[in-house]
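What follows is a single structure, written as structure tokens, with notes after it.
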Amino acid sequence: MKKRIIILLAVFILAGMSLNVAAKDVKIGFLVKQPEEAWFQDEWKFAEAAANDYDFELVKIGATDGEKVLSAIDNLASQGAQGFIICTPDVKLGPAIAAKANMNKLKFMSVDDRFVGSNGKVMEEVHHMGISAYNIGKLVGKTLVEQMDNRNWDYNDVGYLVMTYDQLPTISERTQGATDVLLENAFPEANIFDSPMKTLDTEGSFNAANFALTKHSNINKWIVAGGNDSSVIGAIRALEGQGFGANDVIGIGINGSNFVINEFEKDEPTGFYASVKLSARQHGYETAELMYKWINEDKEPPKVTWTSGTIMTRDNYQELN
Ligand code: FCA
């Protein structure tokens, strides 16, 4: 009996040792604010590809509020991670996240949503990869103008739903870019309806759009812009609920993840005309790669990287994917 216990113990110890040997030297966290959103799942997928290529361990964490973010950073440190990438649930958490990371001696960089300091200014000292938000918004605006012109719509008959979420700078820059282009093209200011969303998701968009539509029931042609795909899809569903479809609606989102490909694959077109396809690969793979090289080779990432996007419609989504 005693002998058997000793053998068993030896087996456990050996198994434990081999696990230790197999454990990767580099461990990197990837924290995202909305793990249910297709965009963040894509980022994770590409970060996972970097982990395979460089042979490090990726720890994916859904960090939906400040408390979760801060305890996740402590957890990462106690698991022996050396760094993390984060899309924060609230940009104002920037100083708290930086303090927590520094206390735990973890390297970190932000992705998508840039930290804002206690003085209200962006924290330029934190390495960041984000989209060129204003220009991407302008691309949405330009495409809306082109599509209205293609359909020979008189701007005076068209309502413009701007699905806003101004508490997040990268989102407000996107909607502002779109609106500025419309104004430059003489779209009537009186037909612009800012529709503030309480939450940055499909439901938030649906509710905000319904509210605006009941107030402007005299209008029967609509264009829609928003900071991302969810912000536009909700409004498209609200418009459908009021009887407006592809003939009366031009909606353009941003992100271009699988979520909108479903929209393009429906037999009949919907009011969701296009999305600006962003590079989830760059935001997921490259940030993870930059972090790995920072940890492993002491190679500091660029302070800031801005990425671009391309218009994706029913006509070209297959080529772009
Ligand atoms: C923000 C948005 C996401 C995505 C990302 C690039 O984090 O919430 O949907 O657009 O920027």
Side-chain angles (χ1 to χ4, degrees), residues 30-47 60-66 69 85-94 97 109-116 122 126-140 162-178 196-206 208 224-236 251-261 263 272 274-288 304-312:
F30 203 119
L31 289 72
V32 303
K33 62 175 181 178
Q34 286 173 299
E36 74 292 347
E37 194 181 277
W39 169 257
F40 295 107
Q41 289 165 14
D42 284 348
E43 280 186 340
W44 271 348
K45 180 181 82 190
F46 288 116
K60 295 182 283 191
I61 303 168
T64 47
D65 61 40
V69 171
I85 297 137
I86 181 166
C87 178
T88 174
D90 180 351
V91 287
K92 293 202 226 68
L93 287 169
I97 295 170
M109 70 177 285
S110 53
V111 68
D112 306 334
D113 300 2
R114 203 173 189 192
F115 292 180
V116 171
V122 291
V126 176
H127 300 75
H128 178 70
M129 184 184 288
I131 69 163
S132 29
Y134 185 70
N135 284 336
I136 284 172
K138 280 172 70 177
L139 178 59
V140 170
V162 199
M163 310 311 300
T164 57
Y165 189 75
D166 288 343
Q167 46 275 60
L168 183 54
T170 180
I171 297 291
S172 63
E173 287 164 26
R174 301 174 198 186
T175 45
Q176 194 57 54
M197 307 194 323
K198 292 209 174 89
T199 50
L200 186 59
D201 54 20
T202 307
E203 195 188 338
S205 160
F206 182 79
V224 189
N228 61 10
D229 288 331
S230 319
S231 310
V232 175
I233 291 273
I236 298 297
I252 303 185
I254 295 173
N255 281 358
S257 15
N258 290 346
F259 174 51
V260 297
I261 293 182
E263 206 66 18
F272 192 89
S275 174
V276 180
K277 187 170 175 60
L278 308 177
S279 177
R281 181 169 216 286
Q282 236 181 318
H283 287 231
Y285 190 101
E286 265 184 45
T287 52
V304 67
T305 309
W306 300 117
T307 63
S308 59
T310 318
I311 283 286
M312 178 171 88

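For ligands, and for the atoms within them, numbers begin at 1 and follow the listed sequence. Hydrogens, waters and symmetry mates play no part in the numbers below; they use all other heavy atoms, side chains included.
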Around [atom], find the nearest protein heavy atom and jot down its residue, atom name and distance.
{"atom": "atom 9 (O) of ligand 1", "value": "Glu37 OE2, 2.6 Å"}
{"atom": "atom 10 (O) of ligand 1", "value": "Asn255 OD1, 2.6 Å"}
{"atom": "atom 8 (O) of ligand 1", "value": "Lys33 NZ, 2.9 Å"}

Would Trp39 count as a polar contact of ligand 1, with the cut-off being nitrogen or oxygen pairs under 3.5 Å?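 Min N/O separation from ligand 1 is not below 3.5 Å for Trp39.
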Determine yes or no for a side-chain-to-main-chain donor-acceptor pair under 3.5 angstrom, with Asn258 supplying the side chain and Ile261 the backbone.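 Checked: no pair found.
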Taking all atoms of both residues into account, what is the closest heavy-atom pair of [X] and [Y], and its distance?
{"X": "Phe40", "Y": "Gln34", "value": "CD1-O, 3.2 Å"}
{"X": "Glu36", "Y": "Gln41", "value": "O-NE2, 3.3 Å"}
{"X": "Ser257", "Y": "Asp229", "value": "N-OD2, 3.8 Å"}

Distance only, no hydrogens: is a donor on one side chain within 3.5 Å (strictly under) of an acceptor on the other, for Asp112 and Trp39?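 There is such a pair (donor and acceptor under 3.5 Å, judged by atom type) between the side chains of Asp112 and Trp39.
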Is a side-chain donor-acceptor pair under 3.5 Å present for Thr199 with Asp201?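 Result is yes, a qualifying pair exists.
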Using a 4.0 Å heavy-atom cut-off, say whether [X] meets ligand 1 through its side chain, its backbone, both or neither.
{"X": "Ile254", "value": "neither"}
{"X": "His283", "value": "neither"}
{"X": "Arg174", "value": "side chain"}

Out of Thr170, Asn228, Leu278, Asp229, who is nearest to atom 2 (C) of ligand 1 when you count heavy atoms only?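 Answer by nearest heavy atom: Asn228.
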Would you say Asp113 touches ligand 1, if touching means a heavy atom closer than 4.0 Å?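 Flag set, Asp113 near ligand 1.
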Run Ile254 and Leu278 through side chain to side chain contact (heavy atoms under 4.5 Å, CB included) and show every step you take. CA-CA 7 Å; Ile254 295 173; Leu278 308 177; 3.8 Å; yes
Can you name the atoms of ligand 1, numbered from 1 with element, that are less than 4.0 Å from a heavy atom of Leu200?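 So the atoms of ligand 1 that pass are 8 (O).
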